[in-house]
There are 2 protein chains.
Amino acid sequence: MQTKQGNAADATGITGTTAAAIAADTAPRRPGRPSRPALTEEAIAKEALAIIDELGWAACTMKLLASRLGVRSPSLYHHIDGQHSLIDLVRILVVREFHDPAIVDMPWEDAFRTFGIGYYRAFARHPNTIQVLSTTPVRDGLTLEMYETFLRSMVDHGWDPSKAFEAMLGLEHLALGFAYEWNAEDLMLDPAYIANHGAPLLAEVTKERTDQAASAETTFMALLGRHIDMYRNNFDSP
Amino acid sequence: MQTKQGNAADATGITGTTAAAIAADTAPRRPGRPSRPALTEEAIAKEALAIIDELGWAACTMKLLASRLGVRSPSLYHHIDGQHSLIDLVRILVVREFHDPAIVDMPWEDAFRTFGIGYYRAFARHPNTIQVLSTTPVRDGLTLEMYETFLRSMVDHGWDPSKAFEAMLGLEHLALGFAYEWNAEDLMLDPAYIANHGAPLLAEVTKERTDQAASAETTFMALLGRHIDMYRNNFDSP
DNA sequence: ACCTGAACACCGTTCAAGT
DNA sequence: ACCTGAACACCGTTCAAGT
């Protein structure tokens with residue numbers, strides 16, 4: 001089953017099942033324009049997200065990405081505008097997973113909760129995207145639309161736009177922080193390292209946290225609920 | 001004033017005033033062990049943080065770092081364990097700026113506020129460190145001590161350790177998110193891009209935000225205060 | 001239009017040579 | 001011990017050549 005082209009993917013221990021991965025297992029491609037294009041922007045973006053999910057963003061090199069798609073790295077430049085454009089494409093894929101225009105019709109408490117949970121869950125599924133996506137300026141229409149939808153949901157139900165924006169950023173940072181903290185491969189606070197480093201309380205609370213990964217969403221939702229209560233209480237007396 | 005060694009730093013437009021930068025302006029160094037070491041771990045870390053603050057973490061290459069210190073990049077490996085160890089060293093410098101053991105003697109509300117403000121301010125001064133520091137596991141004693149101090153401050157005043165940890169992570173994510181959002185060179189939500197992209201509410205609330213950078217701390221502190229109220233209200237009825 | 005191999009500048013890191 | 005220049009593997013990107 002091993003081919004010359006599959007070496008980079010094989011080196012990572014990945015045995016893909018996608019069409020792209022299968023393509024990488026076919027015979028080496030010859031130079032010249034193929035009868036049908038081997039790539040699309042969408043396919044490149046999806047494969048990039050898959051690599052980032054599996055191996056982290058740093059592992060998503062043009063070489064590995066191309067290899068997984070059954071082509072050589074220069075081919076990618078015919079479809080995407082260099083590696084930095086992958087950021088926008090990946091963001092669109094993640095935002096698509098939770099963006100829901102229907103929240104504008106809900107009472108703001110429900111909209112806030114639905115938005116927060118969806119946001120959290122999407123990034124909890126793709127924790128390796130957070131480092132880059134949370135620190136790169138937004139440059140796509142879908143993400144703007146997603147933010148606009150949230151603001152509209154709040155403002156149409158009596159919120160001040162600035163307050164809604166402030167609450168949105170707070171919610172976003174909370175969701176991203178928790179999604180990363182509990183779902184990233186490497187825990188920020190590693191119990192193995194903390195043990196015997198003179199921080200007994202920290203050691204105690206992080207001890208069983210590996211098993212608590214499943215309850216991360218519960219923890220986030222508890223905080224989310226408290227936030228909604230907080231905003232409801234301050235609704236008329238800011 | 002220009003020398004051969006100064007080219008990398010000069011190319012960035014930086015005219016340093018530190019001892020290190022002055023060293024870079026001296027005559028080229030000859031091979032062989034110098035009479036007195038040209039570098040220390042501390043000096044390397046400080047110069048790295050300066051570069052990161054000015055040009056971003058990606059710009060902090062071994063070559064530029066060495067150039068600014070008046071040596072060649074391989075010399076750095078005699079003092080630090082490769083580039084990844086810079087992360088730990090930079091984290092220590094930032095944490096040092098706000099870590100305050102005295103908070104254990106305060107009422108928990110004061111400790112919470114002091115810790116939160118200090119944490120926010122330190123990272124607001126170094127927003128370019130956030131992307132890397134917030135997503136790299138902690139591997140230094142000072143940072144563990146800083147976390148332990150916060151937990152001790154809460155637990156000694158009646159908090160449940162797990163609840164204190166949860167609150168600590170929430171506060172941390174909020175502080176980091178706001179510190180980045182309002183202080184990073186590139187705004188996540190760039191008013192210039194958002195204008196005329198079909199997101200009127202978002203355009204409205206981000207319009208004047210460049211000028212509001214000064215009020216970022218006020219906004220964060222308002223949210224911090226609401227958080228403290230939230231926790232106080234839930235203190236006996238969780 | 002779209003893929004390839006060759007080439008280029010850049011990066012982190014290693015290492016023998018020199019003091 | 002500690003600095004240097006040379007060398008190595010790797011990366012993103014460009015481009016002429018080929019279909």
Side-chain angles (χ1 to χ4, degrees), chain A residues 3-5 7-9 11-12 20 23-24 26-44 47-48 51-52 55-89 132, chain B residues 3-5 7-9 11-12 20 23-24 26-44 47-48 51-52 55-89 132:
Chain A
T3 72
K4 245 178 205 163
Q5 292 209 351
N7 55 353
T12 64
T26 61
R29 192 179 300 275
R30 302 214 332 291
R33 183 187 187 188
S35 50
R36 260 195 321 152
L39 301 174
T40 64
E41 190 184 77
E42 177 88 5
I44 293 172
E47 195 62 39
I51 292 172
I52 292 162
L55 306 166
W57 203 298
C60 188
T61 65
M62 298 301 264
K63 193 180 149 106
L64 177 60
L65 182 53
S67 162
R68 288 249 230 152
L69 291 163
V71 298
R72 306 292 177 180
S73 54
S75 307
L76 300 173
Y77 293 81
H78 290 281
H79 302 272
I80 62 170
D81 185 21
Q83 202 191 36
H84 80 282
S85 74
L86 281 177
I87 301 175
D88 299 321
L89 297 173
V132 173
Chain B
T3 71
K4 245 179 207 165
Q5 291 208 354
N7 55 353
T12 64
T26 60
R29 192 179 300 274
R30 303 218 327 297
R33 182 188 189 189
S35 50
R36 258 194 323 151
L39 301 174
T40 64
E41 190 184 77
E42 178 87 5
I44 294 172
E47 195 61 38
I51 292 172
I52 292 162
L55 306 165
W57 203 298
C60 188
T61 64
M62 297 302 265
K63 193 182 149 105
L64 177 60
L65 182 52
S67 162
R68 288 248 230 150
L69 291 162
V71 297
R72 307 292 178 179
S73 53
S75 307
L76 300 173
Y77 293 82
H78 291 282
H79 302 271
I80 63 171
D81 185 21
Q83 202 191 37
H84 80 281
S85 75
L86 280 178
I87 300 175
D88 298 321
L89 297 174
V132 172

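Protein chains get the first letters and strands the later ones, always in sequence-line order, with residue 1 at the start of each.
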* Structure fact -> Scoring nucleotides 9-18 of chain D by protein non-hydrogen atoms under 4.0 Å (B base, S sugar-phosphate only, - none) yields --SSBBB--B
* A/L39 has an atom CG; how far is it from atom C1' of C/dC3, in whole Å? -> 9 Å
* **Side-chain heavy-atom pair B/L86, B/L65 within 4.5 angstrom cut-off** => yes
* Does any non-hydrogen side-chain atom of A/L64 lie less than 4.5 Å from one of A/I51? -> yes
* To do: Could you tell me whether the side chain of B/Q83 and the main chain of B/C60 form a donor-acceptor pair under 3.5 Å?
  => yes
* **Side-chain heavy atoms of A/L39 within contact of A/H78, under 4.5 Å** => no
* Euclidean distance, atom CD of residue B/E41 to atom C1' of D/dA1 [Å, nearest integer] -> 16 Å
* Asked: Are any of the side-chain heavy atoms of A/L76 and A/L69 separated by less than 4.5 Å?
  -> yes
* **Secondary-structure stems, DNA chain C, at least 3 Watson-Crick or G-U base pairs under 3.5 Å** => C:4-8 with D:12-16, C:12-16 with D:4-8
* Does B/I80 reach the side chain of B/M62, with side-chain heavy atoms less than 4.5 Å apart? -> yes
* Between C/dA7 atom C1' and A/R72 atom CZ, what is the distance in whole Å? -> 16 Å
* Between D/dT19 and A/S35, is there an OP1 or OP2 to side-chain N/O distance shorter than 4.0 Å? -> no
* Interatomic distance, A/I80 CD1 vs C/dC2 P [rounded to whole Å] -> 14 Å
* Asked: To the nearest 0.5 Å, how far apart are OG in B/S85 and NE2 in B/H79?
  -> 12.0 Å
